[in-house]
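Heads up, the thing below is written out as structure tokens.
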Amino acid sequence: MPDHPYMPKLARIVEVKQEVEGARAIKTFRVQFVDDGFTHQCGQCAMLSVLGKGESMISISSSSLEKEYLQFSIMRVGRVTTAIHEMQEGDLLGVRGPYGNQFPIEKWKGKNLIFIGGGIGLAPIWSVLQTARMQQKNYGDLSLFYGSRTSSDMVYKEELQKLKQEMTVQLSIDVEEPGWDDYVGFVPVNILDKKPSPKNAIAITCGPPIMIKFVIKNLEALGFKDDQIFTTVENKMKCGIGKCGRCNIGLHYVCKDGPVYSWAELKNLPQEY
Ligand SMILES: Cc1cc2nc3c(=O)[nH]c(=O)nc-3n(C[C@H](O)[C@H](O)[C@H](O)COP(=O)(O)OP(=O)(O)OC[C@H]3O[C@@H](n4cnc5c(N)ncnc54)[C@H](O)[C@@H]3O)c2cc1C
Ligand code: FES
């Protein structure tokens, strides 16, 4: 059958990890293509489908250098994501993509990279973080600021503890908890507290819109310029290929022109972030 742009490729789930329990549970899935698949760049997404349920756009959270599997971290919010959460190792998922632009990591060689995530928003930037780690000699210092409402809402808990041995990792939760030794307070406040230097640095942020708004404001207060700040936008999407007009910001189709934007680009688009 000829390739159709809406035709998903089949991928088998090879690993499922429960990251967060509860009403807004998060699971991380690793999948392998059954036949030929695709490679991706950091920041790109894929449309995941479950037969009879529908499709959802999800960021690819594995490194672009990882060729064995694709990784997706998914919060259960509605019909499709609930159906994916019910799937087990060995089940087949539809995957079409990769979609969107990418973080310009080639241009960032030699620079210090500061990753700033909130909640499930760590997933879209995890791919860049892992790629930079795997090519550490190409970059300066790597650091991560990551926060969630409570410690149990954090994704990648074990990986974060290991990462602490390699790079600066500033973890935060919104309110005090017994046994919590890291920062208590919102991510943007932690940024102002720790004052990462804008010198030769790029800040990459993703999280709830309110977090992104204040992270950018505080980075600006620390002297970061608009072209030193990058984020990724999660407008609702249907087709993923620039056909349906569901995702647009003015004349921009986020599914094609985004989802990765520098603050210099994003602040000039019509919609407010
Ligand atoms: C570029 C991009 C990357 C994304 N990456 C991830 C990811 O890595 N992990 C992840 O868990 N989710 C991600 N999302 C969000 C994900 O696509 C939606 O949560 C998912 O489509 C919801 O589908 P559903 O059928 O389960 O829920 P629905 O039944 O469609 O919706 C349930 C609830 O979620 C809201 N909702 C649906 N889609 C979105 C959206 N895009 N943004 C905000 N609210 C929404 C609805 O308004 C409704 O309140 C991404 C979205 C985009 C556009
Ligand atoms: S999702 Fe259809 S045009 Fe972007």
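Atoms within each ligand, like the ligands themselves, are counted from 1 in listed order. Here the structure is a predicted model, which is why all the values come from computation and not from measurement.
- The proximity of C247 to ligand 1, defined as any non-hydrogen pair under 4.0 Å, does not occur for either the backbone or the side chain.
- If you check the side chains of Q32 and R12, you find no donor sitting under 3.5 Å from an acceptor.
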Step by step, work out the salt bridge (charged side-chain N to carboxylate O under 4.0 Å, His left out) result for E66 and R30.
-> CA-CA 11 Å; E66 176 58 68; R30 287 185 176 174; over 6 Å; no
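- Exactly one residue among S63, S59, S61 makes a side-chain contact (heavy atoms from CB on, under 4.5 Å) with Q71. That residue is S61.
- Counting protein heavy atoms under 4.0 angstrom from atom 10 (C) of ligand 1 gives one or more.
- In this structure, a donor-acceptor pair under 3.5 Å is present between the side chains of E220 and W263.
- Scanning the protein for heavy atoms near atom 15 (C) of ligand 1, the closest one is E234 OE1, 3.8 Å.
- Of all the listed residues (G43, C206, S56), S56 holds the heavy atom that lies closest to atom 21 (O) of ligand 1.
- Taking distance alone, with nitrogen or oxygen atoms compared against 3.5 Å, E55 stays at or beyond that limit from ligand 1.
- On a distance-only criterion, V77 and ligand 1 share no N/O pair closer than 3.5 Å.
- When distances from atom 27 (O) of ligand 1 to the protein are checked, a heavy atom turns up under 4.0 Å.
- The presence of a protein heavy atom under 4.0 Å from atom 53 (C) of ligand 1 is confirmed.
- Residues S148 and T150 approach most closely at OG-O, 2.7 Å, considering heavy atoms.
- Judged by distance alone, with hydrogens and angles left aside, the side-chain atoms of D257 form a donor-acceptor pair with the main-chain N or O of Y253 at under 3.5 Å.
- Ion pair D227/K107 not flagged as a salt bridge, since none of the NZ, NE, NH1 or NH2 atoms sits closer than 4.0 Å to an Asp/Glu carboxylate oxygen.
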Passes side chain to side chain contact (heavy atoms under 4.5 Å, CB included), L122 versus L144? Steps please.
-> CA-CA 10 Å; L122 186 56; L144 169 67; 3.8 Å; yes
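- Between T82 and ligand 1, no pair of N/O atoms sits closer than 3.5 Å.
- At the top of the distance list for atom 12 (N) of ligand 1, counting protein heavy atoms only, stands I58 CD1, 3.6 Å.
- Close approach of ligand 2 to K243 (heavy-atom distance below 4.0 Å) involves ligand atoms 3 (S).
- In this structure, P124 does not count as a contact residue of ligand 1, since none of its heavy atoms falls inside 4.0 Å of the ligand.
- Checking T231 against T205 by side-chain atom types alone, no donor-acceptor pair falls below 3.5 Å.
- Taking every heavy atom of C244 and a limit of under 4.0 angstrom, the matching atoms of ligand 2 come to 1 (S), 2 (Fe), 3 (S).
- Distance alone, capped at 3.5 Å, places no donor-acceptor pair between the E55 side chain and the S49 backbone.
- At under 3.5 Å, a nitrogen or oxygen of M57, whether backbone or side chain, sits near a nitrogen or oxygen of ligand 1.
- Proximity to K236 (heavy-atom distance under 4.0 Å) selects the following atoms of ligand 1: 36 (N), 37 (C), 38 (N), 39 (C), 40 (C), 41 (N), 45 (C), 46 (C), 47 (O).
- At least one protein heavy atom sits closer than 4.0 Å to atom 36 (N) of ligand 1.
- Under 4.0 Å is where a charged nitrogen must lie from a carboxylate oxygen, and between K53 and E86 no such pair does.
- Of all atoms in ligand 2, listed by their number and element, those nearer than 4.0 Å to a heavy atom of G245 are 2 (Fe), 3 (S).
- Here the heavy atom of the protein found nearest to atom 8 (O) of ligand 1 is S59 N, 3.3 Å.
- Between P259 and ligand 1, no pair of N/O atoms sits closer than 3.5 Å.
- Residue side and main chain included, C239 places an N/O/S atom under 2.8 Å of atom 2 (Fe) of ligand 2.
- For ligand 2, the atoms lying closer than 4.0 Å to a non-hydrogen atom of G242 are 3 (S).
- Between the side chain of H40 and the main chain of S62, a donor-acceptor pair closer than 3.5 Å is present.
- Classification of the W108-F230 ring pair by plane angle, with boundaries at 30° and 60°, yields perpendicular.
- Counting heavy atoms of neighbouring residues, nucleotides and ligands inside a 6.0 Å radius, atom NZ of K67 exceeds 12 of them.
- Polar contact with ligand 1: present for V80 (N/O pair, distance under 3.5 Å).
- Counting heavy atoms closer than 4.0 Å to ligand 1, residue C45 contributes side-chain atoms (C-beta onward) but none from N, CA, C or O.
- Under 4.0 Å from ligand 1, the heavy atoms of N235 that appear belong solely to its backbone.
- Residue C247 approaches ligand 2 through these ligand atoms, each under 4.0 Å from one of its heavy atoms: 1 (S), 3 (S), 4 (Fe).
- Using a 4.0 Å cut-off to heavy atoms of I74, the atoms of ligand 1 that qualify are 11 (O).
- A distance of 10.0 Å separates CG in L70 from OG in S127, rounded to the nearest 0.5 Å.
- In summary, the side chains of S64 and Q41 do not present any donor paired with an acceptor at a separation below 3.5 Å, with no hydrogens or angles considered.
- Less than 4.0 angstrom separates some heavy atom of K238 from each of these atoms of ligand 2: 1 (S).
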